[in-house]
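Following: one structure in structure tokens, then a few remarks.
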Amino acid sequence: MLLENKEILDKVDLELGRFGLEREALRITPSGKIAQTDHPPVFGDRTRNPYITTDFAEAQVEMITGVHDTVEEMHKELTLINQTVLRSIGDELLWPYSMPPVVDWNDVRIAEFPDCHTGSDARQYREYLAEKYGNGVQLVSGIHYNFSYSESLLQKLYGVNGKGRSFREFKNDLYMRVAKNYLNYHWLLVFMLGKAPIAEGIGEPEALSLRNSRYGYQNKEDLQLSYDSLCDHIASVRAAMEAGKIIDEREIYAPVRIKRRNQTKLLMDCLEENGIEYLEIRSIDLNPCAFAGITLQDLKFLHVFMLTLLALPTEVSFDAKALADEVALYGKEPSAEVLALKADFFEKMGELCEAFGLEGMMTAATNLPDVTVADFLTLAKRQKEEALASPYQSVGFEDMEMSTQLLIAESVRRGVKVKVIDRRANFLKLEGQGKVEYVKQATKTSLDTYVSFLAMENKEVTKIILEDAGFPVPAGRTFFSVDDAMRAFGDFVGREVVVKPKTTNFGWGIVMFRPLAGAAEFRDALEIAFGFDDEVIVEQFLHGQEYRFLVVGDACLAVLKRVGANVIGNGVSTVAELVATKNAHPWRGVDHLAPLEKIVLGEIELHNLKQAGLSVDSILAAGEQVFLRDNSNISTGGDSVDVTGDAHANFKAEAVRAAHAIGARLCGVDIVINGDLSDGDAEYGFIELNFNPAIHMHAFTYEGEGVNAAPYVLAELGLI
């Protein structure tokens, strides 16, 4: 059907589609036993979380992607969900293999569900399965691949093959044809992707997939389902139900299912009224060597496999079921028939790929290296380590800024639907609790008014608003040119002052003098500041330690001591070498893609070294600390220290009050405290308020435990 219509089709028609994945995995203890703990409460109501739920057992996690146009995006999302689960289950692991570890089946806990209609139905169904099939086989896990062809492909094929049928009728016939061919050829997927060759107590040395054999999950009786047409299929399913062979459509354990999304009634009724939307492919074992349970390359192979099914006749000369059973149990030593049929299929697959330029889509791993059951525990531990290696990164979104990555991961964890609508701008669409919110860079939200954003962006306006509200702020003046400010040099010389752009963020363009000595250095600082804005503030330098207070709603969630970019000597290395060593820390990066920014030896850093009588080639004595920046921003190479537990309640309350004074619900409040942070009577002053506070720097601190503010942001938005 595809090659015959090559002149009206293009590569994009074939490459795109609608794809989704469901992956099952057992939570296990570090020793390899099935976990007896509850489904982690951080995932919320399992009947509502669109990403993370449970399957049969309480320990059997099910991970579900959304629907994607490409297999690449689908695989990225599954990888992110898998990473999120591994980071959320304490010291537990995910069993990476389809066949369950040896357990006492009497200890298998059926999944618990909320006390509601949906929850009660889910529980009763699992109790029915346990009674009918037993607990052990229920724990066999795999991957379900939800597949439909692109709408453009279907429409073009309909245009030349409709033959008086409606588009819905054409789609139904096409998908039934493909489903029938899937049953004819799914043995080839088992041969190529079978990854369940061994299990304790089962002696089948030539097996490729015990999961797809008689040892796996199969119906008790032959349901005798028809795939000749949708009408016949629906009738055969209803007949099986009426005969008591299955309780409902969920109990069809065939290699492929005919499906439709968003059904509000029984599936067969929905299919009868609205037609087929997609096919659920169920023959795929977990690949224990793949972090997400399946590789991207195997998904590409699956896609071209499904395309090839369109080109094949539905009548075959071989016994498809017998061949599937043979490959599952004896596929390591394939028969001549299997090899011949595989070669024929691959020839047709190759013709299709060559005709449409689908390069690199025919390769798939054929089997696992020699492994033992004990090896799977080693793989599980390795995958846990991989998930925890860079806890500040959300896989698939590493190019986005850190706070946005944190909010994405937390949304997945808490069951808030998340969609990236502008990747470069870090713009997200979030859905939860019946609400839709649009968020930019994690903390630019509908919670704050536009005028509060403008006020916080303007440091002079911020100071006036705070001063009017009775908060202590540093005295200062605003200038509109370098020459204008230089005429006031005499008012500042000999005093400790800060020169900064009127509108700035991340500490850009700020220079401090303690005290200001010469006109030349004052001019240099002004030129730096005017490089960021056409208005510059010169204000009093406040003595003490600067702290960032993070306010979300009516609470101060976290307090961070920020230590400006600095190096500590060792008596051997130059300043440049010390900077390079510090920048090699795995938590340092650039463009807010890591918790700590790399130190840059730029204009301001060189200025401060010069002020201290040093250069990049100077060798510092052991223990000698030199500050390269007077400002303490993490975004300019500073160190972060979590001091939330040390901060006096008075300071936290003042931070909240200041944020509310300017009309902000999400705000970073910078306070200089001249004294002990735990002393509520210590002298203090407000430096500025920040309308887009980074939350990742509170979660991943240079020192201290850290605070993850992402769930509080989601809660403040009313999404959880």
Side-chain angles (χ1 to χ4, degrees), residues 403 442-449 451-453 455-475 505 539-540 542-563 631-634 640-699 701 703-718 720:
S403 292
T443 54
K444 290 180 181 177
T445 75
S446 63
L447 295 171
D448 295 323
T449 64
V451 72
S452 69
F453 163 83
M456 285 186 279
E457 185 181 43
N458 187 315
K459 306 307 177 187
E460 183 69 13
V461 170
T462 299
K463 192 162 65 172
I464 291 170
I465 291 174
L466 289 178
E467 191 172 23
D468 287 348
F471 294 98
V473 295
N505 208 350
E539 67 183 17
Q540 167 194 3
L542 296 182
H543 279 275
Q545 174 64 52
E546 183 180 340
Y547 298 93
R548 163 63 62 89
F549 289 72
L550 178 65
V551 173
V552 177
D554 298 321
C556 174
L557 294 183
V559 184
L560 201 69
K561 180 170 77 173
R562 299 182 297 178
V563 181
N631 67 295
S632 56
N633 296 70
I634 308 305
S640 56
V641 183
D642 178 31
V643 291
T644 305
D646 299 329
H648 195 280
N650 287 351
F651 294 128
K652 294 179 180 178
E654 284 293 273
V656 173
R657 195 166 70 87
H660 290 179
I662 210 164
R665 302 293 293 175
L666 296 177
C667 184
V669 181
D670 293 340
I671 305 177
V672 172
I673 298 174
N674 191 14
D676 192 335
L677 178 64
S678 62
D679 180 4
D681 295 322
E683 182 181 286
Y684 67 98
F686 285 77
I687 299 297
E688 61 183 46
L689 304 182
N690 297 269
F691 61 84
N692 183 210
I695 58 174
H696 69 269
M697 67 180 183
H698 294 280
T701 53
E703 295 180 26
E705 186 174 346
V707 176
N708 179 11
Y712 298 93
V713 173
L714 295 175
E716 188 68 17
L717 287 166
I720 59 175

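Start at 1 with the first residue, then count along the sequence.
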- If we only count heavy atoms from C-beta on, is the R665 to D554 side-chain gap below 4.5 Å? yes
Heavy-atom closest pair (L677 atom, F549 atom, distance to 0.1 Å) is CD1-CZ, 4.3 Å
The reported gap from CD in E688 to CZ in R548 (rounded to nearest 0.5 angstrom) is 7.0 Å
Nearest heavy-atom contact between I671 and A655 is CD1-CB, 4.4 Å
The side chain to side chain contact (heavy atoms under 4.5 Å, CB included) partner of L560 among T701, V643, V707 is T701
Taken to the nearest 0.5 Å, the spacing of T445 OG1 from L717 CG works out to 5.0 Å
- Check for a donor-acceptor pair, side chain of N690 on one end and backbone N or O of G668 on the other, with a separation under 3.5 Å. yes
A442 and V713 have their tightest heavy-atom pair at O-CG1, 3.8 Å
Q) Would you say L689 and I465 make side-chain contact, with heavy atoms under 4.5 Å? A) no
Shortest non-hydrogen pair, I687 vs L542, comes out as CD1-CD1, 3.7 Å
Nearest heavy-atom contact between I662 and S452 is O-CB, 3.2 Å
CZ (F471) and OG1 (T462) are apart, to the nearest 0.5 Å, by 12.5 Å
- Message: I'd like to know whether R562 forms a side-chain contact (heavy atoms from CB on, under 4.5 Å) with D670, so could you lay out the CA-CA distance, the side-chain angles of the two residues, the decisive distance to 0.1 Å, and finally the verdict.
- Response: CA-CA 10 Å; R562 299 182 297 178; D670 293 340; 3.1 Å; yes
A quick test of your reading: do over 12 heavy atoms of other residues, nucleotides or ligands sit less than 6.0 Å from CZ of F686? yes
- Query: Are any of the side-chain heavy atoms of L447 and E716 separated by less than 4.5 Å?
  - Reply: yes
Do P693 and H698 have side chains that approach each other closer than 4.5 Å (heavy atoms only, starting at C-beta)? no
N-O pairing of E539 and K463 below 4.0 Å = yes
Looking only at heavy atoms, the pair that brings H696 and S403 closest together is ND1-OG, 2.9 Å
Practice item. Output yes when a side-chain donor or acceptor of K652 lies under 3.5 Å from a complementary backbone atom of T644, and no otherwise. Key: yes
**Asked** Going by heavy atoms in the side chains, are N692 and M456 under 4.5 Å from each other?
**Response** no
Check whether Q540 reaches the backbone of A475 with its side chain - one donor and one acceptor, N or O, closer than 3.5 Å. yes
Residues at least two apart in sequence or cross-chain that pass salt bridge (Lys or Arg N to Asp or Glu O under 4.0 Å) with D681, listed by chain then number, are none
Sequence neighbours excluded, the answer for side chain to side chain contact (heavy atoms under 4.5 Å, CB included) partners of Q545 is Y547, K561
If you define the side chain from C-beta out and look only at heavy atoms, does anything of H543 sit under 4.5 Å from E683? no
